[in-house]
Amino acid sequence: MPNFIDRRLNPKDKSIGNRQRFLRRAREELKRAVKEQIKSVGIADVGTTHSVSMPTRGVGEPTFQPAGDTGERERVLPGNREFVPGDRLRKQRGGGGGKGGAGTGEDEDDFQFALSRDEVLDLFFEDLELPDMVKLSLKETLTFKSRRAGFAVSGSPTNINVGRTMRNSFGRRIALRRPKQTEIDALLAEIAELEKKPGRNAAEQLAMLKAELDWLDRRRRRVPFIDTVDIRFNRFEQQPLPNASAVMFCLMDVSASMGEREKDLAKRFFVLLHLFLKRRYERIEIVFIRHTDEAREVDEETFFYSTQSGGTMVSTALAEMLRVIESRYPASEWNIYAAQASDGDNISGDSDRCITLLSAVMRLCQYYAYVEIIDERESEIFARTDNGTSLWRAYRTIDGEFPNFQMTRIAKPADIYPVFRKLFAKQPATRKPRK
Amino acid sequence: MTKSAGKLLFQSSDWNFDTLARTYDAIETIALDEIQLDVYPNQMEIISSEQMLDAYSSVGMPLMYQHWSFGKRFVFEDHLYRKGRRGLAYELVINSNPCIVYLMEENTMAMQALVTAHAAFGHNHFFKNNYLFRQWTDASAILSYMEFAKKYVTKCEERYGTAAVEAILDSAHAIMDQGVFRYRRPPRLSSEKERERARERLEYEEQTFNDLWRTLPQSSTGHDRAQAERDASERKKSLNLPEENLLYFLEKTSLILEPWQRELLRIVRVIAQYFYPQRQTKVMNEGCATFVHYTIVNRLFEKDQISEGAMLEILQSHSNVVFQPGFDDPRYSGMNPYALGFAMMQDIQRICTEPTEEDRDWFPEIAGNGDWRATLLDAWANHRDESFILQYLSPALIRKFRLFLLTDSAGDNYLEVASIHNERGYQTIRAALARNYDIGANQQDIQVVDVDLLGDRQLRLQHNVKNGILLEEDSRDATLRHIRHLWGYDVSLVGVDAETGEELYECSTDEDSL
């Protein structure tokens, strides 16, 4: 009989420390991989669990390895069927190296593993340079609300459910045969009657009745009208808030001036907006509208990757947005958000039309954010001043009129989050009734 | 076990500690009395699958220091496992005294029986009796040494920071393969440990002391060539050069390492050395364990101790383990050591009991001797993979596996079939297969050949190139940088053809800014 030891209750995850060390080490690589992914996956998918392919750099473990394409080798292989000595086989390019067990380790460097939602968001936000505190609040995906959920035997006095308590008390009183008030009243009446009648017979009966009354009294005291066991409290449960729906309009200028960098910045901004709204609403839809000198609703792929280009007429996008709202998203049922990214170029004379349209839009919108993506060199110049492109100047007038309109400029990824904070910081307070 | 209630050790596939113990005893009887195995006492530990993954990723040791590369391994293994691309091993066994055998909770009782026979007796016997393990590992001391190592690394991390410790370990891991003594037996790690360490310290002080003395200007007798050569050879002699164990050399000689860093190198070196015999005996070790479990469960079945159902389950998993796909099968990934080892041992059994004429020609000493047990016990004790194959691979088996020999020359754009499983090919194939398993021959032979401690202190390494097989350049340079990190000064590597002595390439770290 050997020594059997049950180790199942020993702590598992002995390697968790090692895994953390590995992740820490691979952080730069992971950040890069997540960044790649944000570029390539849809806005709504950022933050869902991802498989990230782990490249070699940074976590490679070099050793002296034989080079596959040098020297003379001999390999013994099983399963010969038709070969005879002297046969020649063409080498497969590329695959030949490791075959035959010449190397000791397998090729385990380029493998995939899954990052959790939190890990992805951490890395995503890190690139945007968030303060830690904000990261936490953004990750909190649901708000909770207390909800009635049946009854409990304990709770605070304010939560006593009278109806249920009385029902219990009634049942108990019947079961334990608590003397009713009418019974006692009848008895008292009888006693009063008898007391008026003198006589031995009556006195005897009176004594009997009094004894009965006494018994009833005692019984009533032993079986109280309301016992603690009767009391029921309303129970409340923390339930996720049943959210309304929201729709998010992404408007983007895709004229030639919007290059790779501009689109990437815009996408990051939209991703952040989506994450933010996602926290607030159960159902959220995204509408992509791109415009040149004409606007069209498109899918995400086309929105970010299509290279079609043309002149610029911003008002078309606003008109398209109004059309979509009218046909699919009645403002009475949907919370409408819009973010517009543009480099600010507009055809002359169009900006006035924008103001008109935007005023209409603003009456339907919860919130409208305009982000102007500018050249990094321009950011210095435009940081403080009110002047700018014609669109910027036009939007300035709207800015003063509607508190739920915000506009700002960004030049690099690190700008996005501070700007986002600025745009959305007052959001809950400024949500004002629609006109 | 009562006879009236049927002799079966277990009925259902569920297990409990009673059935485990009962089965263990039955297996032990067969293993010790019938096969005459000789084993360390066993310690059977029941673990869950997560724990098995944990154990895997720290090179199978129950105690291991922390390092990110084990985390990387874990993530990798875990990924394969979850994807279903790789099953978990059913067992894990540690070469220690007592021998620790892990049984997985999820196994059925039939599998537990199989694992017990395989690991607790097969592997255990091999660890205890094979000459390589006897000479090179110290089963009774390894666990306490690992405990020391783990604590020591933790202590260093507390004192010097994780990053500093990690940097040393990273570099040491890079030359772990070059960190073993291949010919000279390493010192024992027993209770003499302390004494030995004191001695090492003395040695070290002596060394630095000597170096100081040698900085004195030399007496004037002219710096002719002969003198320089004499100096060099003296220098090499005093440093015991050439030295094949790079880790050992750096640990003892590096001018920049602190004592704790030397101790870390030593820990990595000890672990490398401990696993060296396992790498040389994969075929034999797995073959031995597989042969033992196969023999034992068959005996159990003959003695009516396990049911047909259990036997079928065991056989199914057995045949999965010993499956050898052909070279053109998509599942092919080299020779399966279980398949080869098991087949060879069964073949030896056959040669001992029912030899053919051919066997009598090839194996006159053992053919028909009838005593397969003694023959196998002897083979298990006195061989490693290379010599085992060279000695025992029979023509019958070469035919069975349909082995053939391919030669691959870098200059040609074709592979040539050199020999196949026919009369003319047996010898060649057998010798070539044995060479494939000779770690000494396949490992890159890199040695420290010279260092001028008074001059530029450049560490000169030499790679003895065999059969023209060079090193993969990126990983070579990265590894050299690791060596430089431990040495503190430039490191150069010269590739020299092992036969002609011709210099093939030279590289060094001095252009690198690292």
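Order of the sequence lines sets the chain letters (A, B, ...), proteins ahead of strands, with each chain counted from 1.
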Q | pair A/T63-B/M176: side-chain heavy atoms closer than 4.5 Å | A | no

Applying a strict 4.5 Å limit to non-hydrogen atoms, the region of B/Q43 in contact with chain A is both

Rounded to the nearest 0.5 Å, the CG atom of B/N467 sits from the OG1 atom of A/T70 at a distance of 10.0 Å

The interface call for B/R435 against chain A, heavy-atom contacts under 4.5 Å, is side chain

As a quick check of understanding, evaluate side-chain contact (heavy atoms from CB on, under 4.5 Å) for A/R73 and B/I469, giving each step before the final call. CA-CA 8 Å; A/R73 285 186 174 78; B/I469 297 175; 3.5 Å; yes

*Using a 4.5 Å cut-off on heavy atoms from C-beta on, say whether the side chain of B/Q444 contacts that of A/P66.*
yes

Under 4.5 Å to a heavy atom of chain A? For B/T162 that would be side chain

dist B/F404:CZ -> A/L77:CG (nearest 0.5 Å) comes out at 4.5 Å

Geometric class of the B/F17/A/F4 ring pair [parallel <30°, tilted 30-60°, perpendicular >60°] = perpendicular

Here the gap from B/S48 atom OG to A/R7 atom CZ, rounded to the nearest 0.5 Å, amounts to 12.5 Å

Check your understanding: With distance as the sole test, does B/R402 use its side chain to make a donor-acceptor pair with the main-chain N or O of A/N80 at under 3.5 Å?
Key -> yes

**Asked** Can B/D412 and A/R88 be said to form a salt bridge (charged side-chain N to carboxylate O under 4.0 Å, His left out), step by step?
**Response** CA-CA 10 Å; B/D412 304 331; A/R88 287 178 173 185; over 6 Å; no

request  = Decide side-chain contact (heavy atoms from CB on, under 4.5 Å) for B/K72 and A/R25; before the verdict, give the C-alpha distance in whole Å, the side-chain angles of both, and the deciding distance to 0.1 Å.
outcome  = CA-CA 10 Å; B/K72 173 178 151 183; A/R25 180 140 184 141; over 6 Å; no

Between the CZ atom in A/R75 and the CG atom in B/L415, the distance rounded to the nearest 0.5 Å is 6.5 Å

Here the gap from B/I100 atom CD1 to A/N3 atom CG, rounded to the nearest 0.5 Å, amounts to 10.0 Å

Bottom line for B/L20: the part with an atom under 4.5 Å from chain A's heavy atoms is both

Inset, instruction - Assess whether atom CD of B/E499 is packed by more than 12 heavy atoms of other residues, nucleotides or ligands within 6.0 Å. - result: no

If one checks every heavy atom of B/E473 against chain A at 4.5 Å, the contacting part turns out to be neither

**Exceeds 12 heavy-atom contacts within 6.0 angstrom, atom NZ of B/K466** = yes

Assert top hit (heavy-atom pairs under 4.5 Å, partner chain A, pool B/L403, B/I446, B/L103, B/N422) equals B/L403

Using a 4.5 Å cut-off on heavy atoms from C-beta on, say whether the side chain of B/V417 contacts that of A/L89. yes

If one checks every heavy atom of B/E416 against chain A at 4.5 Å, the contacting part turns out to be both

* **Short side-chain donor-acceptor distance under 3.5 Å, A/E74 and B/T407** => no

Pair count under 4.5 Å, heavy atoms only, with chain A: among B/V101, B/D328, B/D474, B/I175, highest is B/D328

Between B/Q51 and A/R8, does any side-chain donor sit less than 3.5 Å from a side-chain acceptor? no

Honestly, the part of B/A418 sitting under 4.5 Å from a heavy atom of chain A is backbone

Counting heavy-atom pairs under 4.5 angstrom with chain A, the leader among B/G326, B/A174, B/A120 is B/A174

Honestly, the part of B/H482 sitting under 4.5 Å from a heavy atom of chain A is side chain

Cut-off 4.5 Å, heavy atoms of chain A, and the answer for B/P98 is neither

Is any side-chain heavy atom of A/F64 less than 4.5 Å from a side-chain heavy atom of B/I483?
yes

Handout entry: Side chain proximity check, B/H67 to A/R21, heavy atoms < 4.5 angstrom
Key = no

